[in-house]
Amino acid sequence: MKPSSIKVFATSAFVALVFLPAFSQAQLRRIQVTAENLAPTNSVSFAPLRVGFNNGSYDSFNIGQTATAPIISIAEGGSGSDWFPAFAAADPNATLGTVVPNPPGPLLPSGMASALFDIDTDINPFFTFGSMVVPSNDYFIGNDDPQEYQLFDVAGNLILNEINVLANEIWDNGSEAFDPANAAFLVGGTNALRTPQNGVVNFDFAELAGFNGLTTGAGYVFNSQLTANTPVYRIRFTVVAIPEPGTAALVGVGMLGMVLRRRRRA
């Protein structure tokens, strides 16, 4: 069960006490997801990270196969506009969301972004992610196997603290041909234009060097500098304490007492 957001106001403290939700703290975990761009200065950036805590059943792409609309929306535009609906349809109880940098935009080299998610570990023990690599036409990072990353054991304990991605784990979606004029995150590039490649999903980072010397939307001149074992991305998971239901109830009792005392003084 997902926690309800409870706001206890002075004039409605009693109502808040009556309708406090019941849930098992052993099954519910609040997780902070932190994304870090580890790529060298002036190298690749990343679209906001799209994530899904899930039951391990949704598989949005497979190596060696033709990409379909869900992963194309990640790889070619970074939006996940088809990825999220497909994910939700396949796994209705999944917790889906985005880790957005502050200010919003691409996650630049050395940049970090974080977000909080409340997870029912009984039904969503696995983690799936996707993010477009920019500049590119259709490069991305993500997990092919939907059960590759199990975050929680059967007792709801966090058993995975971080995911590290190397340059040789960057995917070429195989759906759009290489063309700087149509690439995202380049000055003068028009991401809405595309030339179909009619290929398959495979690993490739070397082609990114084809953008070397071009100016990015963030103003830096791109220089890939990537080798196979260059770290490019890290996702960290941290458990954050959730207020106990009793604590919220005590807050409500205290506020109700304040209301009564104020009325008596009036």
Could you check if a side-chain atom of N55 sits within less than 4.5 angstrom of a side-chain atom of N93, using non-hydrogen atoms only? no
Ring pair (Phe, Tyr, Trp, His ring centres under 6.0 Å) partners of residues 93-115, not counting sequence neighbours, each pair once: none
Decide whether F87 and F129 are clustered together by the hydrophobic rule: side chain heavy atoms of Ile, Leu, Val, Met, Phe, Trp, Tyr closer than 4.5 Å, transitively. no
With rounding to the nearest 0.5 angstrom, report the OG1 to CD distance, T230 to E169. 11.5 Å
D204 side chain to A206 backbone, donor-acceptor under 3.5 Å: yes
Passing candidate, side-chain contact (heavy atoms from CB on, under 4.5 Å) with T128, options Y149, F53, W83: W83
Transitive ILVMFWY cluster of V100, excluding itself - 4.5 Å side-chain cut-off: none
Whether R50 side chain and G78 backbone form a donor-acceptor pair below 3.5 Å: yes
Restricting to pairs with a member in residues 218-238, which pass ring pair (Phe, Tyr, Trp, His ring centres under 6.0 Å), not counting sequence neighbours? F46-Y233, F127-F237
Does P109 offer a backbone N or O that forms a donor-acceptor pair with the side chain of N42 under 3.5 Å? no
Of all the heavy-atom pairs spanning P243 and R30, show the shortest one and how long it is. CD-NH1, 4.3 Å
State, yes or no, whether a side-chain contact exists between T216 and S45 at a heavy-atom distance under 4.5 Å. no
Same apolar cluster: I235 and L116, side chain cutoff 4.5 Å: no
Once you round to the nearest 0.5 Å, how far does CG of D59 lie from CG of N54? 10.5 Å
A side-chain contact here means heavy atoms from C-beta on lying under 4.5 Å apart; do T68 and F61 qualify? no
With a 4.5 Å cut-off on side-chain heavy atoms, are E207 and S224 touching? no
For a quick test of reading the model, state the closest non-hydrogen atom pair linking E76 to M132 and the distance between them. O-CE, 3.5 Å
Run the side-chain donor-acceptor check on residues 159-167: report pairs under 3.5 Å with partners two or more places apart or on a different chain.
{"unit_1": "E162", "atom_1": "OE2", "unit_2": "N164", "atom_2": "ND2", "d": "2.9"}
{"unit_1": "N164", "atom_1": "OD1", "unit_2": "R234", "atom_2": "NE", "d": "3.0"}

Report the C-alpha distance between L214 and V187 in whole Å, list the side-chain angles of each, state the deciding distance to 0.1 Å, and finish with yes or no for side-chain contact (heavy atoms from CB on, under 4.5 Å). CA-CA 8 Å; L214 301 179; V187 173; over 6 Å; no
Donor-acceptor contact present, side-chain Q225 to main-chain T41, <3.5 Å: yes
Only one of L96, V51, V240, N124 clears side-chain contact (heavy atoms from CB on, under 4.5 Å) with F117; which? V51
Looking at every heavy atom in both E176 and Q197, which two are closest together, and how far apart are they? O-OE1, 3.0 Å
The single option from N182, I74, V133, D172 that satisfies side-chain contact (heavy atoms from CB on, under 4.5 Å) with D138 is D172
What are the two closest heavy atoms between S57 and A90, and how far apart are they? OG-O, 4.1 Å
For A67, what residues pass the side chain to side chain contact (heavy atoms under 4.5 Å, CB included) criterion, not counting sequence neighbours? I71, I72, N173, V201
I'd like to know if the side chain of R194 reaches the main chain of S175, judged simply by a donor and an acceptor atom lying under 3.5 Å from each other, with no hydrogens or angles considered. yes
Would you kindly confirm whether V99 and V232 end up in one hydrophobic cluster when ILVMFWY residues are joined by side chain heavy atoms under 4.5 Å apart? yes
Please say which of L226, N37, L38 ends up in a side-chain contact (heavy atoms from CB on, under 4.5 Å) with P231. L38
Do F140 and L108 sit in the same hydrophobic cluster, where Ile, Leu, Val, Met, Phe, Trp and Tyr count as joined when their side-chain heavy atoms come under 4.5 Å apart? no
Looking only at heavy atoms, which two atoms of G80 and P85 are closest? And how far apart? O-CD, 4.1 Å
I'd like to know if the side chain of N62 and the backbone of D144 have a donor-acceptor N/O pair within less than 3.5 Å. no
I'd like to know if the side chain of N168 and the backbone of N229 have a donor-acceptor N/O pair within less than 3.5 Å. no
What ring pair (Phe, Tyr, Trp, His ring centres under 6.0 Å) pairs are there with at least one residue in residues 177-205, not counting sequence neighbours? W171-F203, F178-F211
Taking D179's backbone N and O only, do any of them form a donor-acceptor pair with N137's side chain (distance below 3.5 Å, no angle check)? yes
Are any side-chain N or O atoms of T121 and backbone N or O atoms of Q27, one a donor and one an acceptor, separated by less than 3.5 Å? yes
Looking only at heavy atoms, the pair that brings Y139 and S136 closest together is N-OG, 3.1 Å
side-chain contact (heavy atoms from CB on, under 4.5 Å) evaluation trace for I31 with F152: CA-CA 11 Å; I31 299 297; F152 306 102; 3.7 Å; yes
